[in-house]
Amino acid sequence: MSEDLHDFKSVKLPAPARRSGGMKVSWYLYEDLLDAQLASVAAVFNAHYRMQEGFDAGYLTPGSITKIDAKNRWEKPEYEGFYEVVIL
């Protein structure tokens, strides 16, 4: 294989149902838990390289998954039960 795996610095994430961004991180919403878990693994992998480039996630943890409870958060009710993944 001609590719050097050490030069590989990004894993493609599954397409989210919704995304939003902040100053340091983004949040991707997934309807399916498996997609959220795949995105989580990719987010952790990608964050490793982003942090080496000087980026930081503040107090958030890239790859963390939270199930949306729209009654207690800002999300619209149609996102109830979706999974939110922190992306750096």
Side-chain angles (χ1 to χ4, degrees):
M1 183 181 273
S2 62
E3 284 184 51
D4 182 0
L5 292 178
H6 297 286
D7 291 336
F8 187 72
K9 294 185 179 179
S10 180
V11 174
K12 187 173 180 182
L13 288 97
R18 179 177 185 270
R19 40 180 110 177
S20 61
M23 295 297 289
K24 293 187 177 204
V25 300
S26 295
W27 297 269
Y28 285 16
L29 295 185
Y30 293 93
E31 192 169 7
D32 182 61
L33 178 58
L34 180 59
D35 284 342
Q37 290 170 331
L38 291 171
S40 173
V41 170
V44 169
F45 181 87
N46 294 344
H48 172 75
Y49 290 102
R50 302 278 321 256
M51 287 178 181
Q52 288 181 354
E53 294 170 349
F55 292 92
D56 73 90
Y59 63 89
L60 297 171
T61 304
S64 63
I65 300 174
T66 304
K67 189 168 184 180
I68 299 299
D69 178 2
K71 291 179 245 104
N72 297 318
R73 299 198 33 179
W74 56 268
E75 281 88 357
K76 297 178 181 175
E78 60 261 28
Y79 297 114
E80 178 75 33
F82 277 53
Y83 299 90
E84 177 185 78
V85 181
V86 175
I87 309 293
L88 178 60

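Only this structure's heavy atoms are used, side chains among them; waters, hydrogens and symmetry mates stay out.
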Compare every heavy atom of Asn46 with every heavy atom of Val11, then report the nearest pair and how far apart it is.
-> N-OD1, 2.6 Å
Asp32 and Tyr83 have their tightest heavy-atom pair at C-CD1, 4.1 Å
Decide whether Leu33 and Val41 are clustered together by the hydrophobic rule: side chain heavy atoms of Ile, Leu, Val, Met, Phe, Trp, Tyr closer than 4.5 Å, transitively.
-> no
Once you round to the nearest 0.5 Å, how far does CG of Leu88 lie from OG1 of Thr61?
-> 11.0 Å
Step by step, would you call Glu84 with Ile65 a side-chain contact (heavy atoms from CB on, under 4.5 Å)?
-> CA-CA 5 Å; Glu84 177 185 78; Ile65 300 174; over 6 Å; no
Given Leu13 and Val85, is the side-chain contact (heavy atoms from CB on, under 4.5 Å) satisfied, shown in steps?
-> CA-CA 11 Å; Leu13 288 97; Val85 181; 5.7 Å; no
Please determine if Arg18 forms a cation-pi arrangement with Phe82, meaning its NZ or CZ atom is less than 6.0 Å from the six-membered ring centre and no more than 45° off the ring axis.
-> no
Output the distance between atom CG (Leu60) and atom CD1 (Ile87), rounded to the nearest 0.5 Å.
-> 11.5 Å
How close do Tyr30 and Pro14 get, heavy atom to heavy atom, and via which atoms?
-> OH-O, 2.7 Å
Do Pro62 and Met51 have side chains that get closer than 4.5 Å, going by heavy atoms?
-> yes
What is the distance from atom CH2 of Trp27 to atom OG of Ser64, rounded to the nearest 0.5 Å?
-> 10.0 Å
Mark yes or no for whether Ser26, through its side chain, and Gly21, through its backbone, hold a donor-acceptor pair below 3.5 Å.
-> no
